[in-house]
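Here is the structure we will look at, set down as structure tokens.
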Amino acid sequence: MSSPDKKSMWKAFQPMLRRYMKPQAGLIASGIFSGAVAAAAAGFGLPFMIQHVFPLVFGESEMPPMVQRWVQEMMPETYRDDAILWIAALIIPFVMTLRGVATYLNAFLLTKAGMRALSALRGDLFARLQWLSFSYHDRNSRGSVMTMVIQYTQMVQQGMISVMNDLVIQPLTLVAAVAYLVYAAVSSNESAMLLGNLIISAACVPVVRMVGKRMVKQMRSALAGMNVITATVEETLSAQREVRAFNLEKHQSDLLCRHIQHFNNMLIRMAAWRQSVTPAVEMVCALALAYSLYRGCSDGLTLEQFTAIATAFYFCYDPIKRLGAVFNQAQLMQVAVAGIEEVLYAKDETPEPENPVVLSGAVKGDVSFEHVNFEYVKGNPVLKDINVSVPAGQIVGLVGPSGSGKTTFINLICRFYDPVSGAIRIDGVDVKDITREDRTRNIGLVSQFSALFHDSVFENIRLGRPGASDAEVKAAAEMARVDEFAESLPGGYGYMMGESGSGLSGGQRQRVSIARAFLKNAPVLILDEATSALDMRSEAAIQDALDELTRGHTTFIIAHRFSTLRMAQRILVFESGRIIADGSHRELYENCVLYHCLYDEQVRQEQEVIE
């Protein structure tokens with residue numbers, strides 16, 4: 001891939017700079033001013049001291065006439081020599097202090113602005129990832145998303161601070177140094193030497209651009225490698241039981257080592273190209289100094305004059321070298337910015353309605369599917385022409401083989417996805433016309449994999465309704481039988497769980513999740529294998545609580561154990577994306593072959609467990 005020109009690079013950074021750096025305009029302006037002062041002190045002040053101040057201190061030159069007249073008027077003759085020496089000597093710490101303080105302020109203020117901007121960027125990126133549809137997350141692995149949030153933003157953070165700092169101080173240093181060279185060339189009639197050095201300097205530009213092109217190519221490969229590494233680590237750690245059960249530890253370790261080796265090779269190649277800028281620019285700098293030495297000796301320059309000019313050349317070539325690194329860093333940033341903007345400006349496939357319909361008053365919970373078709377992958381339908389109407393308060397069981405479309409059915413009710421065609425309605429309102437907040441407030445979900453967070457048992461239950469009182473939370477916990485184990489935990493309800501609810505058994509985690517549903521008390525309730533983590537005895541213990549939970553709520557129950565479906569007033573039988581039967585248990589057992597077979601197989605398995 002060819003490196004972008006300056007115009008396209010500016011276009012790539014402009015939206016992000018406008019969005020995140022504009023609020024920090026005051027800090028940036030102060031940092032730029034400090035950088036200008038530091039650049040002037042370094043690029044012009046130091047060479048000037050070498051040529052004029054140092055010789056004055058050692059008595060090898062005289063003060064400028066205007067300064068000399070001022071000293072004669074202000075100082076008595078007996079103190080005049082000492083005063084001249086002190087004035088000349090004090091210029092040195094003044095210039096160096098000015099340069100040091102200005103450099104510090106430049107770096108500090110721009111770093112502060114960059115950190116604030118990047119904190120906002122990380123927050124926006126994470127928030128956007130949570131709002132994007134499930135389809136986006138299906139297409140992108142967790143590894144690539146984690147790399148985006150951690151690595152890409154870190155690259156932008158480091159790069160933006162470095163680029164902003166060097167883009168301020170290095171060009172100004174270069175301008176100040178060139179200004180001194182012009183001054184020296186004019187005062188010593190050495191215009192030819194100045195012109196020759198500027199021509200030699202131009203040789204650095206194609207080198208820097210070539211290196212930039214190579215680095216961008218390597219960086220894209222390296223980021224792809226980082227995605228693979230992150231995905232492998234996440235996949236292995238989230239499947240520790242399977243890894244150990246099938247003795248896959250060495251296999252996964254070897255796989256990760258291969259990915260790391262490939263990633264390291266990319267970084268090594270990238271480092272080789274990045275570091276090649278320094279020797280290339282220094283070689284050009286050495287040629288320029290050799291040319292200056294030859295011309296200076298031929299034209300009779302003094303040591304002070306040549307030393308000052310050599311210092312000025314250093315302050316010319318060092319910024320060129322740093323600007324080359326900045327140019328390459330900016331191109332690497334562009335790779336990260338492009339990835340971040342894919343998230344920030346990604347199309348939301350389940351967008352908020354432009355003219356939302358508010359589910360005002362008491363929501364009854366009527367749910368209907370009207371000629372709904374859905375597919376995760378184009379051309380591979382998962383649900384086909386689903387037509388079903390569920391009146392408010394009805395308890396409906398969903399039965400069918402794995403992959404028949406049951407979970408997709410409830411995902412569409414929650415609007416985790418939008419159908420390809422058709423409509424899903426709640427109380428006659430299309431779910432596409434209901435805001436996310438309104439929709440989630442009226443739909444309760446207890447899934448097979450209960451999501452608990454690093455917090456206390458009590459606060460994890462309160463997530464069902466964040467404004468609930470302590471008494472309401474405790475009542476919900478008792479209804480879900482959480483109190484049976486919570487009181488035995490260290491700290492009781494205040495017990496702090498680990499990541500994903502570690503510290504509790506699977507059944508205990510599921511009870512906490514069910515307690516949330518009690519607390520939320522939404523008119524539409526979805527139980528997706530809600531008792532899958534419970535054994536038959538534990539399930540029976542909370543069955544009365546589930547009966548109470550579902551009473552008066554439109555309820556959809558997915559369960560492999562038919563005992564969980566005994567409360568269902570109606571059962572929908574799914575097969576290959578279609579609803580092939582609809583009725584009560586007795587009707588389906590007598591008239592639906594698939595339901596009859598599934599039920600008998602379940603009974604046989606339960607009998608084997610009992611025996």
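If you read the sequence from its start, that first residue is 1, and numbering goes on from there. Computed from a predicted structure; not experimentally measured.
- Contact check for Arg570 versus Val390: side-chain heavy atoms found under the 4.5 Å cut-off.
- Partner Val524 forms a side chain to side chain contact (heavy atoms under 4.5 Å, CB included) with one of Ile443, Asp366, Val363, Leu445 and no other, that one being Ile443.
- Listed by first then second residue, pairs satisfying salt bridge (charged side-chain N to carboxylate O under 4.0 Å, His left out) with a partner in residues 392-404 number zero, not counting sequence neighbours.
- Judged as a side chain to side chain donor-acceptor pair (under 3.5 Å), and not counting sequence neighbours, Asp427 has no contacts.
- Between Phe134 and Phe416, the ring planes are parallel. Angles under 30° get that label, and only those over 60° would be called perpendicular.
- Partners of Glu472 under the salt bridge (charged side-chain N to carboxylate O under 4.0 Å, His left out) rule, at least two apart in sequence or in another chain, are Arg465.
- At least one side-chain heavy atom of Asn460 sits under 4.5 Å from a side-chain heavy atom of Arg516.
- For the salt bridge (charged side-chain N to carboxylate O under 4.0 Å, His left out) test, no residue two or more places apart in sequence or in another chain qualifies with Asp430.
- Ion pairing of Asp385 with Arg578 is absent here, as no side-chain N (NZ or NE/NH1/NH2) approaches a carboxylate O to less than 4.0 Å.
- The closest side-chain heavy-atom distance from Ile426 to Asn442 is not below 4.5 Å.
- Annotation: Lys474, atom NZ; neighbour count of heavy atoms from other residues, nucleotides and ligands within 6.0 Å does not exceed 12.
- When side chains are defined from C-beta on, Met567 does not count as touching Thr555, because their heavy atoms never get closer than 4.5 Å.
- Residues satisfying the ring-ring contact (aromatic ring centres under 6.0 Å, His included) criterion with Phe574, sequence neighbours excluded, are Phe409.
- Scanning for salt bridge (charged side-chain N to carboxylate O under 4.0 Å, His left out) contacts around Glu349 gives Arg139, with sequence neighbours left out.
- For CD of Glu437, the number of neighbouring non-hydrogen atoms (other residues, nucleotides, ligands) closer than 6.0 Å is 12 at most.
- In terms of heavy-atom proximity, Ala517 sits nearest to Val446 at CB-CG2, 3.5 Å.
- Residues Arg439 and Cys414 approach most closely at NE-O, 3.2 Å, considering heavy atoms.
- In terms of the side chain to side chain donor-acceptor pair (under 3.5 Å) criterion, Glu375 has no residue partners (sequence neighbours excluded).
- Listed here is the closest heavy atom pair of Asn521 and His553: OD1-NE2, 2.8 Å.
- Between the side chain of Arg122 and the backbone N or O of Ala120 there is no donor-acceptor pair closer than 3.5 Å.
- Note that OG of Ser576 and CG of Leu594 are 9.5 Å apart. Values are rounded to the nearest 0.5 Å.
- Ile526 CD1 to Ile410 CD1: the interatomic distance, rounded to the nearest 0.5 Å, is 5.0 Å.
- Considering every non-hydrogen atom in both Ser456 and Met496, the closest pair reads N-SD, 3.5 Å.
- The closest side-chain heavy-atom distance from Ile386 to Ile579 is below 4.5 Å.
- The side chain to side chain donor-acceptor pair (under 3.5 Å) contacts involving residues 415-426 comprise Asp138-Tyr417, Glu370-Arg425, Asn373-Ser421, Arg415-Asp418, where partners must be two or more places apart or lie in separate chains.
- Nearest heavy-atom pair, Ile461 versus Val512, reported as atom, atom and distance to 0.1 Å: CG1-CG1, 3.8 Å.
- Contact check for Phe453 versus Leu463: side-chain heavy atoms found under the 4.5 Å cut-off.
- For Gln252, the side chain to side chain donor-acceptor pair (under 3.5 Å) partners at least two apart in sequence or on another chain are Thr236.
- Looking at residues two or more places apart in sequence or on another chain, you find a salt bridge (charged side-chain N to carboxylate O under 4.0 Å, His left out) between Asp124 and Arg19.
- A search for side chain to side chain donor-acceptor pair (under 3.5 Å) contacts involving Asn265 returns Gln261, not counting sequence neighbours.
- Here Gln510 contributes atom CD and Leu452 contributes atom CG; the two are 9.0 Å apart, rounded to the nearest 0.5 Å.
- Looking at Val337 and Ile340, their side chains never come closer than 4.5 Å, going by heavy atoms from C-beta outward.
- For Lys384, the NZ atom counts as densely surrounded, since its 6.0 Å shell holds more than 12 non-hydrogen atoms of other residues, nucleotides or ligands.
- The pair Asp254-Lys250 counts as a salt bridge, with a side-chain nitrogen and a carboxylate oxygen less than 4.0 angstrom apart.
- For the atom pair CD (Gln394) and CD (Gln569), the distance works out to 5.5 Å, reported to the nearest 0.5 Å.
- The side-chain heavy atoms of Asp438 and Pro356, taken from C-beta on, include no pair separated by under 4.5 Å.
- Put simply, CD on Glu529 and CD1 on Ile557 are 11.0 Å apart, with the number rounded to the nearest 0.5 Å.
- To the nearest 0.5 Å, atom CG of residue Asp433 and atom CG of residue Asn355 are 8.5 Å apart.
- Every pair passing side chain to side chain donor-acceptor pair (under 3.5 Å) that includes a residue from residues 402-412 is listed here, sequence neighbours excluded: Tyr376-Thr408.
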